[in-house]
Every structure is written in structure tokens, then in C-alpha cells.
**Student:** 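Can you keep this structure in mind? I'll have questions shortly.
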Amino acid sequence: MLKEHFKLISGTANRKLAEEVAKLLKVPLTPVEIKRFHDGEIYCRVLESVRGADVFIIQPTSPDASLNLMELLILVDALQRSSPSCITAVIPYYGYCRQDKKTKAREPITAKLVANMIEVAGVKRVIMFDLHVAQVQGFFDIPSDNLDAIPLFADYIANKKLKNIVIVSPDAGGATRARSYAKVLNAPIAIVDKRRPEPNVAEVENVIGDVKGKTAILIDDIIDTAGSITESAKILLKFGAKEVYSFATHGLLSKPAAERLEKSPIKEVVVTNTIDIPKEKMISKLKIMSIAPLLAEDIKRTHEGLPMGVVYEGMYKKLEKKVK
Ligand code: R5P
């Protein structure tokens, strides 16, 4: 049961997800007014008292990343000037996360910059979902949760009862994520050798590992332009894979992702609802799985001071029995 001083607030980035979470927690969303001035400036006001409350704001930085980030910061500012006991930012998709290190001279590290901005605004805890790389958690000096979709996707994959599967990472950076899925699903892994000559351009030349005659399960954190997974799918088939499925937590689906996915040999593309996908991008092979139950459970446990690890352990135990 949620205690009295609990408030759940939604920004405009993914209200559908926030409503789903609110329904599961059996609490109403605290009303807020969010509007824009003619020059694009954002205005936010919380429409009821939050004095002494444990406040959770759900706002992924989905497209438009900068706008949604700014809205989150302004909402936090409005809240922290209203004496809540704690503000938790629930950021199901943490944008600017891919720029997590300098790969060339004079580049920024936006994953750290954004973490600083969130803390300075007044956030005391963050809940995120499948960060591009887990070490971004260390960019925050406040408590942070990095939930993941592994039990959700792995259960879906196990239920499909596919034979002879291989878990594939579309690049070396995703190998740790792929290995986690491979462990749970008791399957081998392979890695696509992807290069990025420039942002949003994916070049693939090689596959490390044996995919011949196997059903390849591509695992990624983000589908942005879909260059990485569609090029990966093509090379996997060239290297003898029987068929390709793809799973990614965050469906950014920037242009021309929908078109690329539609034309690609991938049989099914599964993403979560960390990002609200507009109707025009809903191609027939796209399936959306909800992270709302996981988020709701984590919010509830954070509020009540209970651990979340046991929830994941329970899900993994059930999966283990299914996969055996
Ligand atoms: C990159 O390191 C990420 O994990 C994704 O692979 C990437 O963001 C996907 O981008 P796109 O769909 O544009 O290839």
C-alpha cells in the first residue's frame, strides 16, 4: 500500500506510460499545467500542494530529446520550490546517454552534463531503464536505479519456443547486454562487427561467432534510424543464419527507421513503451511490450524503502525453470 504523501506526476513525453503506472499503483496523476510561450519557452505549474510529499515524475527524454529534457528540468524546478520531501525523476529513456565518452578531441560527454543538470535542478533519486552503458549510473551522485527489460524480453523469447537460437549484439559495445540474455536463455552469443564512420551511419562487415543454421536474436538498447539492426540482420543471413528477430528497449524510430524495418528481412521487431511510438510508425512487424509493471513495482518499492533486486531474482527463477 502506498503511504499518504505520495505523488505521481507525468510530463508530456509519455503520458500513456504514466497513466498505466498510475493505474497499477491505484493512485491518480497529480495535475500539472504544461504549456509553451510563443517563442517556445516551456511553462510548468503543479496544480496541487506537494508539501512534504515523496514525488515521482515520469518523463523520458524521447524525441524531441532536448525539449523533453528541458520540460523535466522545469517541472523539477517548479516542484522543488514547493517543499516536497523528495523528488525522484523516472526517466525510462535517458537521452544524450550515447555520448558517454570522448571518442575524438573536443567532444562533449553529454551523459554526464545531463546528469549534472538533473541533480542541480533538485532531483534526489533517479530511476532509469536500460542505460546505453551501465556505468552512466556513476555520473550521478544521487541514488539511481537502472532497470532492464531482460526478464520481459527473455520470457517472450522463451515462450516462442524457437529452436537453435543465438543471441547477437549488433556491435561490440552491446556484448555485455547480449551475454546477459544468452545466460538467461542458455544460448551462445555472436557479435556483429559494426563501425560508425559518422553519427547515425552504420557499416557492418563481419560476424564474430557461429550463426549458421541458427535463429538469430538481435539485442540492442536503442533503435534509432534502424541502420544498425537492419544492416546486422542482412549480414547475419549472409553468414548463414536461418532467420532474424530483433529486440530493443527503446524504439526511438527516427526517420527512416519504420521504412527500413518494413523492408528488412527481420521477422519481428520488439520494443518496449519507454518511448511512446506514434501511430504512423506502427508497422505490422513491430510489437510493443509494456514496462509499466516493472516501473510501478520499482516506484512502489522506492517509496516504501524496499529492495527491487528480489523482484528480478524471482523473475529469473521462473525463467530458469521455463528455459530448462
Ligand atoms: C549504439 O551504440 C546503440 O546501442 C544503438 O545500436 C544505436 O543507437 C542504434 O542506432 P541506429 O538505429 O540509428 O543504427
Side-chain angles (χ1 to χ4, degrees), residues 60-66 91-104 107-112 114 128-137 139 146-150 153 167-182 189-208 216-236 244-266 268-272 274-275 277-278 281-283 285-286 288:
T61 61
S62 33
D64 181 318
S66 307
I91 314 172
Y93 171 64
Y94 182 72
Y96 284 107
C97 191
R98 285 176 281 181
Q99 300 179 65
D100 58 357
K101 58 183 168 304
K102 287 173 79 160
T103 52
K104 291 185 200 124
E107 282 184 338
I109 301 179
T110 57
K112 172 64 178 150
V114 171
M128 296 165 293
F129 219 92
D130 202 357
L131 285 166
H132 180 55
V133 284
Q135 51 269 39
V136 166
Q137 262 187 295
F139 291 177
N146 178 22
L147 304 178
D148 65 63
I150 300 175
F153 284 164
I167 306 297
V168 185
S169 170
D171 51 35
T176 310
R177 185 177 291 105
R179 211 169 288 129
S180 306
Y181 278 85
I189 74 162
I191 300 167
V192 173
D193 184 14
K194 178 181 92 178
R195 275 158 223 185
R196 280 226 186 269
E198 53 188 279
N200 281 137
V201 177
E203 274 176 10
V204 301
E205 279 161 23
N206 200 7
V207 176
I208 303 157
I217 312 280
L218 268 166
I219 302 279
D220 211 346
D221 56 333
I222 300 166
I223 301 178
D224 191 353
T225 61
S228 303
I229 58 158
T230 54
E231 289 305 308
S232 297
K234 284 184 213 157
I235 202 163
L236 286 168
V244 182
Y245 290 82
S246 103
F247 292 77
T249 310
H250 313 291
L252 285 176
L253 305 186
S254 314
K255 257 193 179 154
E259 199 188 322
R260 276 183 177 162
L261 292 170
E262 190 101 86
K263 286 188 189 155
S264 79
I266 302 172
E268 191 175 23
V269 180
V270 185
V271 295
T272 75
T274 56
I275 291 161
I277 297 174
K281 291 184 183 169
M282 282 300 304
I283 54 167
K285 62 172 86 169
L286 187 67
I288 299 174

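Both ligands and their constituent atoms are indexed starting at 1 by order of listing.
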**Student:** Looking at Arg195 and Glu205, is there a salt bridge between them, counting it only when a charged N and a carboxylate O are closer than 4.0 Å?
**Tutor:**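 Counted as a salt bridge, because a side-chain N and a carboxylate O are separated by less than 4.0 Å.
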**Student:** Quiz question: by atom type and distance under 3.5 Å, do the side chains of Thr249 and Tyr93 form a donor-acceptor pair?
**Tutor:** no
**Student:** Quick check for students: name every N or O atom pair between ligand 1 and the protein closer than 3.5 Å, with distances.
**Tutor:**
from     : atom 1 : to     : atom 2 : distance (Å)
ligand 1 : 4 (O)  : Asp220 : OD1    : 3.1
ligand 1 : 4 (O)  : Asp221 : OD1    : 2.5
ligand 1 : 6 (O)  : Lys194 : NZ     : 3.3
ligand 1 : 6 (O)  : Asp220 : OD1    : 3.4
ligand 1 : 6 (O)  : Asp220 : OD2    : 2.6
ligand 1 : 8 (O)  : Arg98  : NH1    : 2.8
ligand 1 : 10 (O) : Arg196 : NH2    : 3.1
ligand 1 : 12 (O) : Asp224 : N      : 2.8
ligand 1 : 12 (O) : Thr225 : N      : 3.1
ligand 1 : 12 (O) : Ala226 : N      : 2.7
ligand 1 : 13 (O) : Asn200 : ND2    : 3.4
ligand 1 : 13 (O) : Thr225 : N      : 2.8
ligand 1 : 13 (O) : Thr225 : OG1    : 2.5
ligand 1 : 14 (O) : Arg196 : NH2    : 3.2
ligand 1 : 14 (O) : Ser228 : N      : 2.8
ligand 1 : 14 (O) : Ser228 : OG     : 2.5

**Student:** Does Leu253 reach the side chain of Leu261, with side-chain heavy atoms less than 4.5 Å apart?
**Tutor:**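 With C-beta onward as the side chain, the pair touches.
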**Student:** Are Tyr181 and Ile189 packed together at the side-chain level, in the sense that at least one heavy-atom pair is separated by less than 4.5 angstrom?
**Tutor:**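 The answer is no; the side chains never approach within 4.5 Å.
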**Student:** Closer than 4.0 angstrom, basic N to acidic O: yes or no for Asp224 and Arg98?
**Tutor:**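 A salt bridge links Asp224 with Arg98.
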**Student:** Between the side chains of Asp130 and Arg177, is the shortest nitrogen-to-carboxylate-oxygen separation below 4.0 Å, so that they form an ion pair?
**Tutor:**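 Yes, Arg177 and Asp130 are salt-bridged.
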